[in-house]
Amino acid sequence: MDVRDVAKAHVSAEQNPKAQGRYIICNKAMPVLEIGQLIAKASGRRLGLPFMTTPKWLTVLLGPLFGLTPDFVRNNVGYPLRFDNSKGIRELGIQYRDIETSVRDMVAEMRAPSA
């Protein structure tokens, strides 16, 4: 999700009298591991980002240390995350930036000197 797309969706929703309800403003769902890989590629460094997926059995075992019950892990971890963004595309006319562009621009912005 790119904040520029979210801002555009807010403006479109405000200007469109037929807009109603909620919109999922997200180009596509990606696992954290893949997002980390994109950030590492764009920055040229790993930056302490994840480089492997934790096995589910280990997440069940260690989850309580992070406030996750074993039942929560069993029922929610390891399943693909999917969003239906078609309503925003259809009703708000949103054309999402690709995730690679968003990540590359984010890394460049983070590297830019502060004003």
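Please read these numbers as outputs of a predicted model, since none were measured by experiment.
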K.L.:
Supply the atom-to-atom distance Ile89 CD1 to Tyr23 OH, rounded to the nearest 0.5 angstrom.
P.N.:
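Going from CD1 on Ile89 over to OH on Tyr23, the span is 12.5 Å.
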K.L.:
Do Leu81 and Val32 sit in one hydrophobic cluster, given that two such residues count as connected whenever their side-chain heavy atoms are within less than 4.5 Å of each other, even indirectly?
P.N.:
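In one cluster: no.
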K.L.:
Does Met30 reach the side chain of Ile99, with side-chain heavy atoms less than 4.5 Å apart?
P.N.:
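In contact.
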K.L.:
Check this for me: Lys41, atom NZ, are more than 12 non-hydrogen atoms of other residues, nucleotides or ligands nearer than 6.0 Å?
P.N.:
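No - once you tally the heavy atoms of other residues, nucleotides and ligands closer than 6.0 Å, there are 12 at most.
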K.L.:
Any donor-acceptor pair under 3.5 Å linking the side chain of Lys87 with the backbone of Arg22?
P.N.:
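Present.
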K.L.:
Using every non-hydrogen atom in the two residues, find where Tyr79 and Arg74 come nearest and quote the distance to one decimal.
P.N.:
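Closest approach of Tyr79 to Arg74: OH-O, 3.5 Å.
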K.L.:
Just wondering, do Met106 and Met110 contact through their side chains at under 4.5 Å, heavy atoms?
P.N.:
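Yes. Closest side-chain heavy atoms under 4.5 Å.
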K.L.:
Of the non-hydrogen atoms in Arg111 and Gly44, which two are nearest, and what is the gap between them?
P.N.:
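Heavy-atom minimum between the residues: NH2-N, 4.3 Å.
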K.L.:
Looking at Gln95 and Lys8, what are the two nearest heavy atoms and their distance?
P.N.:
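Closest heavy-atom pair between Gln95 and Lys8: O-NZ, 4.1 Å.
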K.L.:
Which heavy-atom pair separates Leu92 from Ala9 by the least distance, and what is that distance?
P.N.:
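Looking at all heavy atoms of both residues, the shortest contact is CD1-O, 3.9 Å.
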K.L.:
Would Ile94 and Val11 show up in the same hydrophobic cluster when neighbours are defined by side-chain heavy atoms closer than 4.5 Å?
P.N.:
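In one cluster: no.
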K.L.:
Look up atom OG in Ser86 and atom CG in Asp84, then write down how far apart they are to the nearest 0.5 Å.
P.N.:
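Taking OG in Ser86 and CG in Asp84, the distance rounds to 3.5 Å.
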K.L.:
Might you point out which heavy atoms bring Asn85 and Asn27 nearest each other, and give the distance in Å?
P.N.:
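It is ND2-O, 3.2 Å.
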K.L.:
Checking side chain to side chain contact (heavy atoms under 4.5 Å, CB included) between Val60 and each of Val73, Val77, Leu68, which is the one that passes?
P.N.:
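The passing option is Val73.
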K.L.:
What distance do Leu58 atom CG and Thr54 atom OG1 have between them, rounded to the nearest 0.5 Å?
P.N.:
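Answer rounded to 0.5 Å: 6.0 Å.
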K.L.:
Scan for salt bridge (charged side-chain N to carboxylate O under 4.0 Å, His left out) pairs involving residues 89-103, sequence neighbours excluded, and state none if there are none.
P.N.:
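Residue pairs passing salt bridge (charged side-chain N to carboxylate O under 4.0 Å, His left out), neighbours aside: Asp5-Arg97.
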K.L.:
With a 4.5 Å cut-off on side-chain heavy-atom distances among I, L, V, M, F, W and Y, is there a chain of contacts connecting Val6 to Tyr96?
P.N.:
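Yes, it is one cluster - the side chains of Val6 and Tyr96 are joined through contacts under 4.5 Å.
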K.L.:
Tell me, please, which residues at least two apart from Thr69 pass side chain to side chain contact (heavy atoms under 4.5 Å, CB included).
P.N.:
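Thr69 satisfies side chain to side chain contact (heavy atoms under 4.5 Å, CB included) with Asp71, Phe72 once adjacent residues are dropped.
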K.L.:
How long is the gap from CZ on Arg4 to OG1 on Thr101, to the nearest 0.5 Å?
P.N.:
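Interatomic distance, Arg4 CZ to Thr101 OG1, rounded to 0.5 Å: 8.0 Å.
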K.L.:
Which heavy atom of Ala13 sits nearest a heavy atom of Ala19, and at what distance?
P.N.:
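Taking Ala13 first and Ala19 second, the nearest heavy atoms are O-CB, 3.6 Å.
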